[in-house]
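Only this structure's heavy atoms are used, side chains among them; waters, hydrogens and symmetry mates stay out. Note that the coordinates shown come from a computational prediction; the quantities given were computed from them, not determined experimentally.
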Amino acid sequence: MSTYSYFLHLRRPSFRLVLKSGSSFPSGLDPIDWKFKEERPYDKVHAEVMKDIERQGFGAYQQDIRSEDIPGARIAASSRR
């Protein structure tokens with residue numbers, strides 16, 4: 001079973017990069033800007049991230065975004081837990 005490496009960006013820690021373990025970093029990204037976070041098996045990688053990996057060789061996403069950072073979000077700050 002394949003495993004996938006998760007990295008977090010050092011200056012923007014909510015940014016994540018996911019690569020099939022053993023793959024090289026995408027061109028244009030400097031590995032020095034990223035810190036290895038964890039390895040996950042195939043069945044623990046989100047389906048949308050897997051689609052990106054299959055299409056472009058890597059997955060990238062932003063984690064821990066606030067509701068006010070989402071365009072069009074109408075979630076009141078008091079309703080967040």
Side-chain angles (χ1 to χ4, degrees):
M1 180 184 295
S2 297
T3 58
Y4 294 82
S5 299
Y6 279 68
F7 298 86
L8 62 89
H9 196 274
L10 294 173
R11 290 185 307 279
R12 309 269 320 254
S14 65
F15 287 15
R16 297 291 190 271
L17 177 68
V18 184
L19 303 171
K20 188 170 185 177
S21 295
S23 296
S24 57
F25 268 69
S27 65
L29 294 182
D30 191 341
I32 201 164
D33 292 332
W34 299 86
K35 177 183 176 184
F36 175 77
K37 181 174 179 2
E38 65 182 327
E39 243 181 322
R40 294 184 190 173
Y42 172 86
D43 61 343
K44 297 294 182 184
V45 179
H46 192 279
E48 291 300 315
V49 174
M50 286 303 302
K51 286 180 187 176
D52 288 343
I53 293 169
E54 291 170 10
R55 185 172 40 83
Q56 62 192 15
F58 65 93
Y61 64 94
Q62 186 174 359
Q63 175 175 303
D64 300 327
I65 59 174
R66 302 171 307 185
S67 60
E68 55 267 19
D69 294 333
I70 302 171
R74 301 194 193 314
I75 301 169
S78 62
S79 68
R80 288 183 286 159
R81 295 180 184 180

Would you say Tyr6 and Arg40 are linked by a side-chain donor-acceptor pair, where the criterion is simply a distance under 3.5 Å? yes
Measure the CD-OG distance between Glu39 and Ser5 for me, rounded to the nearest 0.5 Å. 4.5 Å
Can you name the closest pair of heavy atoms from Pro31 and Leu29 and give their distance? CD-O, 3.5 Å
In this structure, would Leu8 and Ile32 fall into the same cluster of hydrophobic residues linked by side-chain contacts under 4.5 Å? no
Over all heavy atoms of both residues, which pair between Leu19 and Ser24 is shortest? Give the atoms and the distance, please. CD1-O, 4.1 Å
With rounding to the nearest 0.5 Å, note down the distance linking NE2 in His46 to CZ in Arg16. 14.5 Å
Applying side-chain contact (heavy atoms from CB on, under 4.5 Å), run through Arg11 and Asp33 and close with a yes or a no. CA-CA 8 Å; Arg11 290 185 307 279; Asp33 292 332; 3.3 Å; yes
To the nearest 0.5 Å, what is the distance between CG (Leu17) and NZ (Lys35)? 15.5 Å
Counting only heavy atoms from other residues, nucleotides and ligands, does the tally under 6.0 Å from OH of Tyr42 exceed 12? no
Determine, step by step, whether Ser23 and Phe58 satisfy the side-chain contact (heavy atoms from CB on, under 4.5 Å) criterion, reporting the C-alpha distance in whole Å, the side-chain angles of both residues, the deciding distance to 0.1 Å, and the verdict. CA-CA 9 Å; Ser23 296; Phe58 65 93; over 6 Å; no
Please determine if Lys51 and Glu54 form a salt bridge, counting it only when a charged side-chain N lies under 4.0 Å from a carboxylate O. no
For Ser21, does its backbone N or O pair with a side-chain atom of Thr3 as donor and acceptor, under 3.5 Å? no
Residue that, paired with Ile53, satisfies side-chain contact (heavy atoms from CB on, under 4.5 Å) out of Gln56, Met50, Arg55: Met50
Could you tell me how the ring of Phe25 sits relative to the ring of Trp34: parallel (under 30°), tilted (30 to 60°) or perpendicular (over 60°)? tilted
Is Arg12 atom CZ crowded by more than 12 heavy atoms from other residues, nucleotides or ligands, each under 6.0 Å away? no
